[in-house]
Undergrad: 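Please see the structure below; I have some questions.
Computed from a predicted model, the values in this text were never measured in an experiment. Every chain is numbered from 1 and lettered A, B, ... according to where its sequence line falls, protein lines coming before strand lines.
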2 protein chains.
Amino acid sequence: MIRLTVQRQAILDLINRSNQHWDAEELARCLGQNGEQLGIATVYRGLAALENAGLIQSIQLADKKRYERANKGHHDHLVCTKCGDIKEFCDSEIEMRQQQVAQDLAFHMTGHQLLIFGICESCSKDSQEDKTA
Amino acid sequence: MIRLTVQRQAILDLINRSNQHWDAEELARCLGQNGEQLGIATVYRGLAALENAGLIQSIQLADKKRYERANKGHHDHLVCTKCGDIKEFCDSEIEMRQQQVAQDLAFHMTGHQLLIFGICESCSKDSQEDKTA
DNA sequence: ACAAAGAACGATAACTATTATCAATATCAA
DNA sequence: TTGATATTGATAATAGTTATCGTTCTTTGT
Ligand SMILES: [Mn+2]
Ligand SMILES: [Mn+2]
Ligand SMILES: [Zn+2]
Ligand SMILES: [Zn+2]
């Protein structure tokens, strides 16, 4: 049973009322600006506790973990390697295939993470302009 | 054009004649035991250069990057969260779906990484024994 | 209500993987 | 050969995260 302290509630509220993928620093900075300053260690611990309780979810990128609302349900991500923008998708066929693959290999799947890397639409347009100019 | 120095060749050879997913430390340690000691920075730089040249490939796990032979072609991974064991698979349906998803979202995909987490067969058996005993 | 006992907090030290720096070598090219 | 360029290795620095520890809540039993 997670204890929802004022600090954890502040983290949870901020994540729940936004639609971003936050890292710990961003969260701490934003809370600080809102007059709810909390120690960076508390942020890390709070995030871990909240995720454990299923109140938020995360994705592990190459350098850092990013957290988001859990009330969207499961989905996977497209990450723009140029601007860092993150888009979301969920493909039930992919999800099913994963189950099948795991089963075939006698592997008891508990989770997965699919990241698609590339260039987002807006960054693609930027590149074209560069060439034209 | 990558320059295949003796150091880089040593790294490449070791990776090519094995079937593991190596991290930088493991590689450096193993090379050292084979009388081919090289600085850890050289290992990191060599790995990056070799990957750039397409001679090896890597997967980014939560904590560290792991490298493996490139001559197996692309595939994805099942990672046992108990023993760390890594199994491989490639599902063409999943691969195609990813292309489709990216296209639908006007996203120019350049790569992807799919990790399936869970408990491998051998660890599953271990757990059963624990309960029986 | 009161006094442990147990959690959580915040400051900060510690840790891990990786990259940056820089002087010394090695390799390439004219 | 000689100067330009690239690579190496030792080590400092960096980034994200976890561990430590004394302090400050909460909870629980009386
Ligand atoms: Mn998301
Ligand atoms: Mn592999
Ligand atoms: Zn972009
Ligand atoms: Zn296992």
Undergrad: Please report the distance, rounded to the nearest Å, between CG in A/Asn52 and P in D/dT18.
TA: 12 Å
Undergrad: Is A/Glu51 salt-bridged to A/Lys65, cutoff N-O under 4.0 Å?
TA: yes
Undergrad: Of the non-hydrogen atoms in B/Ala28 and B/Val43, which two are nearest, and what is the gap between them?
TA: CB-CG2, 4.0 Å
Undergrad: Going through the distances and angles, do B/Gln103 and B/His108 end up as a side-chain hydrogen bond (donor to acceptor under 3.5 Å, both in side chains)?
TA: CA-CA 7 Å; B/Gln103 195 177 341; B/His108 177 242; over 6 Å; no
Undergrad: Closest nucleotide of DNA chain D for B/Ile2 versus for A/Lys64: which of these residues is on the 5' side?
TA: B/Ile2
Undergrad: What are the residues of residues 27-51 of chain A, sorted by number, that bring a heavy atom to within less than 4.0 Å of DNA chain C?
TA: A/Leu38, A/Gly39, A/Ile40, A/Ala41, A/Thr42, A/Arg45
Undergrad: Between B/Arg8 and A/Lys65, just flag the one whose closest nucleotide in DNA chain D comes earlier from the 5' side.
TA: B/Arg8
Undergrad: Any salt bridge linking A/Glu88 with A/Lys72? Criterion: basic side-chain nitrogen under 4.0 Å from a carboxylate oxygen.
TA: yes
Undergrad: So, does A/Thr42 use its side chain to make a donor-acceptor pair with the main chain of A/Leu38 at under 3.5 Å?
TA: no
Undergrad: Check whether the side chains of A/Gln57 and A/His21 place a donor and an acceptor atom closer than 3.5 Å, and report yes or no.
TA: no
Undergrad: Return the value, rounded to whole Å, for the distance between atom CD of B/Gln60 and atom C1' of C/dT16.
TA: 13 Å
Undergrad: Using rotation axes that map the C1' atoms of four end pairs onto the next four (five pairs an end), what angle separates the end axes of the helix from C/dA1-D/dT30 to C/dA30-D/dT1, to 10°?
TA: 30°
Undergrad: Between the protein and nucleotides 23-30 of chain C, are there any N/O to N/O pairs under 3.5 Å, and if so, what are the atom names and distances?
TA:
none

Undergrad: Working to the nearest 0.5 Å, report the span between SG of B/Cys120 and CG of B/Leu78.
TA: 10.0 Å
Undergrad: Measure CG/A/Asp23 against P/D/dT18 and give the value in whole Å, please.
TA: 13 Å
Undergrad: Grab the CG-P distance between A/Leu4 and D/dT27 for me, whole Å please.
TA: 11 Å
Undergrad: For A/Gln9 and D/dT26, give me the distance from atom CD to atom C1', rounded to whole Å.
TA: 16 Å
Undergrad: Would you please indicate if the ring centroids of A/His112 and A/His74 are separated by under 6.0 Å?
TA: yes
Undergrad: Within this structure, what is the CD-to-C1' distance between A/Glu25 and D/dT18, rounded to whole angstrom?
TA: 14 Å
Undergrad: Which heavy atom of B/Leu14 sits nearest a heavy atom of B/Cys30, and at what distance?
TA: CD2-SG, 3.8 Å
Undergrad: Can you see which heavy atom on B/Gly46 is nearest to which on B/Ile11, and at what distance?
TA: CA-CD1, 4.2 Å
Undergrad: Taking only side-chain N and O atoms of B/Gln7, does any of them lie within less than 4.0 angstrom of OP1 or OP2 on D/dG9?
TA: yes
Undergrad: Taking the basic N atoms (NZ, or NE/NH1/NH2) and the acidic carboxylate oxygens, is any pair closer than 4.0 Å for A/Arg29 and A/Glu25?
TA: no
